[in-house]
Amino acid sequence: MIKRKILSLPAVHVSSLLFICALFPALLFKGPQIEFFAVTQILLVMWLGWVVLQSHGSGLSVPKTALALCLTLFWLWLAISLSWSLAPSISVINFWWVGSLALVFWLYTLTPDRDSLWSHAAAIILVLGIVLALMGVHQVLVLEQQARSIFETRNTHAAFLNLVALPASAYFLLLMADKGAPRHFPGLLGAVLYILFLAIFMTASRGATLSLFLSMSVLVALSMRNLPKRGVVVLLLLMTAAYLSTKVSHGELGERLPQLMHDSGRWVIWQSSWDLLQASPWHGIGLGLYYLAFPPYRNPVDNSGGFFAHNDYLQIWIETGLPGLLLLLAVLFAALWLLVRALSVKSMSQSARIELTGLFCGLLAVAGQSFVDFNLYILSIMMISGLVMGRFHQIANRELKPASMRIRFSHLIGKQAFPVIVVLLLLLPVLYFVSLGLANSYYDKALAQAREGKLQEADKGLATAERLTPADDRMLIAHADLYRHAITLLPPDAEGSKKLLYQDALKFLDRAQHVNSLRGLTYVIRGRLYQQNPALAGDNGYELATDAFRRALALNPKMFQGRMDYAAIMLQRGNKDEALQILDAGLKYVYYDMPDLIPFYSLAAKLKRELGREEDAKTLEDKVRYLEKQAAASYYLRGY
């Protein structure tokens, strides 16, 4: 009886629940937290399974539209590009990451009762947007921090709120025009919009602010012809009031907007990224590999994290080649063309016109800001964009009535065998994501155990992580470094044990280089292994170590720890000048202030003083004292 009730649940209730449950861990995923990514993808795969299981008798209706085709081809090209990726395990993760836009679009499109799905999901997203907006306002006014709520940057926070605020603005206009709507509804939604606009302006994000102004201009221009002007005026007044409130309480946005054309930081990143593009402009280097391939091309004055090109279109071109860029642009133009065609239908209702325009403007804000940011690589934004694009596609198709293709599984598979086949097929990606999440948990735990001196436990944890994800080079590098450290703890007479650990460490490093040839840390660990074990490395140990460090610095010139190791070899040989040249090549880069730089600056200052470069030495010594004071203050604030 219970089983019968579960199977008869409305598909849309399950779908909306799965989407919302997938969105929450996606908001917490910022890159290293693979467990959250895995949970999100498992829930999306479960949604896919639920939709397919409901379709055995009726089949799946696949619309034949340019937008659906372009988005699917873009997704397909991401999959094809995995075949030549220089680090396939990273690219596979990014395929699901970036591809969440297309996956959620198709999940929405194939869900039977999409209107109910949208109403449930949109309400939760609006509430979520208010909560994040209030968090951002609190960070600015109370904590005196940048407004970014749970996101890594204020720009991402603002992009998320734009995606919520613009469709909500369209619904506000509809409520203002609807004389039958309860009076408190427009007032309540107006208050929500004021909070959203205020939070966006308080981020002082120039890209998000300009994208909001542009998208709102399109919404207003297209709404003026279909709605009473009163609603549009009230909406603009809300936005203006939010901007003026921000200017009074937090004037950073007013200061930053005039500096937009003089933002040298992004120009520096784009110039270096353009140089990287020239290495493989046609088919790309592999999805998600920008941060690994970028360091050799990086301008020394670039103080960014180096993870993104701060231009999605440039980065997707670098990673997936020219076809990837053209297909992404084709998706945007297909959406624009769909809007133009739908709005040209004279019989289209007023509410459908405004909702369609509001949804398009939300997508436009994300696409516009992506010229100066990395929204394509923010999982939560891609998921909501996929949902918004699905709703946009649905409303337009109601008017245009395009042809569709119906896939009927009942003609191919029996009713009893169908669920078994679907579950078995979807079990493959689910098992992959489970392995991915578990491996990252074992990896993090093993690193913590190694820091505590629990080397045997760390060894077992890393071995388990490797079995779960054998192509992840991070586990292999960590295992090699663990064995390198273990060798130093063995007594001098344990030559046999040292040799076994040494050989195993080299095997780990060989495998790491095979699965990912772009990570400089692999060569740093290799160089340290040779450097610390000259007897095991043989007569050419010195050459092996220096070659490893050269390779590491060629892949990542900003890796100052590797520079110190390389310089140490030169000092052992009595080559002070060469050692200082190695350090000088790293000193020209801009680093974030951190205690780890103290040994680097101290060694360079010592060599400069010994070689008679007193002023340069004094400058570095001042930096060392500043970092030491910062470190001491940090410990004091933490209560140590």
Side-chain angles (χ1 to χ4, degrees), residues 122-123 125-141 147 149 154 157-179 181-254 257 350-351 353-366 368-369 384 388:
I125 291 170
L126 183 61
V127 172
L128 184 61
I130 298 167
V131 172
L132 295 177
L134 290 173
M135 286 177 64
V137 172
H138 178 264
Q139 286 169 334
V140 172
L141 298 182
S149 63
R154 56 184 172 185
H157 171 67
F160 185 94
L161 296 183
N162 270 344
L163 187 55
V164 176
L166 283 154
S169 297
Y171 294 121
F172 174 77
L173 292 175
L174 290 175
L175 281 175
M176 290 291 291
D178 185 2
K179 296 179 180 179
R183 291 185 177 181
H184 65 279
F185 278 14
L188 184 61
L189 187 52
V192 167
L193 284 174
Y194 173 80
I195 294 171
L196 291 173
F197 293 144
L198 181 69
I200 293 167
F201 294 140
M202 278 195 170
T203 63
S205 171
R206 294 166 295 186
T209 300
L210 292 177
S211 295
L212 175 60
F213 286 155
L214 170 64
S215 302
M216 186 60 74
S217 299
V218 173
L219 177 60
V220 168
L222 295 178
S223 301
M224 291 286 281
R225 293 179 291 180
N226 302 293
L227 292 175
K229 293 182 180 179
R230 176 174 167 269
V232 175
V233 171
V234 173
L235 177 62
L236 293 177
L237 285 174
L238 285 170
M239 191 171 171
T240 304
Y243 178 77
L244 293 176
S245 300
T246 307
K247 201 168 183 180
V248 171
S249 61
H250 183 67
E252 189 182 1
L253 178 59
L257 279 176
Q350 171 184 281
S351 61
R353 287 178 183 275
I354 302 306
E355 184 181 6
L356 186 72
T357 305
L359 295 168
F360 175 81
C361 289
L363 296 171
L364 177 63
V366 173
Q369 189 182 345
I384 296 178
V388 170

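- For S211 against G368, the heavy-atom pair with the smallest separation is OG-C, 3.6 Å.
- For the atom pair OH of Y194 and CG of L237, the computed distance is 12.5 Å after rounding to the nearest 0.5 Å.
- Distance check, rounded to the nearest 0.5 Å: CG of L219 to CG of L166 gives 7.0 Å.
- A distance-only check finds no donor-acceptor pair linking the side chain of T357 to the backbone of L222 [under 3.5 Å].
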Before giving the answer on side chain to side chain contact (heavy atoms under 4.5 Å, CB included), spell out for N162 and V366 the whole-Å C-alpha distance, their side-chain angles and the decisive distance to 0.1 Å.
CA-CA 7 Å; N162 270 344; V366 173; 5.8 Å; no

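- Taking the side chain as every heavy atom from C-beta outward, L163 and I125 never approach each other to under 4.5 Å.
- The distance from atom CG of L161 to atom OG of S149, rounded to the nearest 0.5 Å, is 6.5 Å.
- Here the CG atom belonging to L188 is positioned 10.0 Å from the CG atom belonging to L193, to the nearest 0.5 angstrom.
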Please lay out, stage by stage, how D178 and F185 fare under the test side chain to side chain contact (heavy atoms under 4.5 Å, CB included).
CA-CA 10 Å; D178 185 2; F185 278 14; over 6 Å; no

Could you please spell out the steps behind the side chain to side chain contact (heavy atoms under 4.5 Å, CB included) verdict for L212 and F201?
CA-CA 10 Å; L212 175 60; F201 294 140; 3.9 Å; yes

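- One finds the CZ atom of F197 at 9.5 Å from the OG1 atom of T240 (value rounded to the nearest 0.5 Å).
- Note that the CE atom of M176 and the CG atom of L227 stand 10.5 Å from one another [nearest 0.5 Å].
- When all heavy atoms are compared, the tightest approach of E355 to A170 is CA-CB, 4.5 Å.
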So L175 and Y171, side chain to side chain contact (heavy atoms under 4.5 Å, CB included) or not? Walk me through it.
CA-CA 6 Å; L175 281 175; Y171 294 121; 5.7 Å; no

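- Of all heavy-atom pairs spanning T203 and A147, the tightest one is CG2-O, 3.6 Å.
- Side-chain atoms of S205 do not come within 3.5 Å of backbone N or O of A158 as any donor-acceptor pair.
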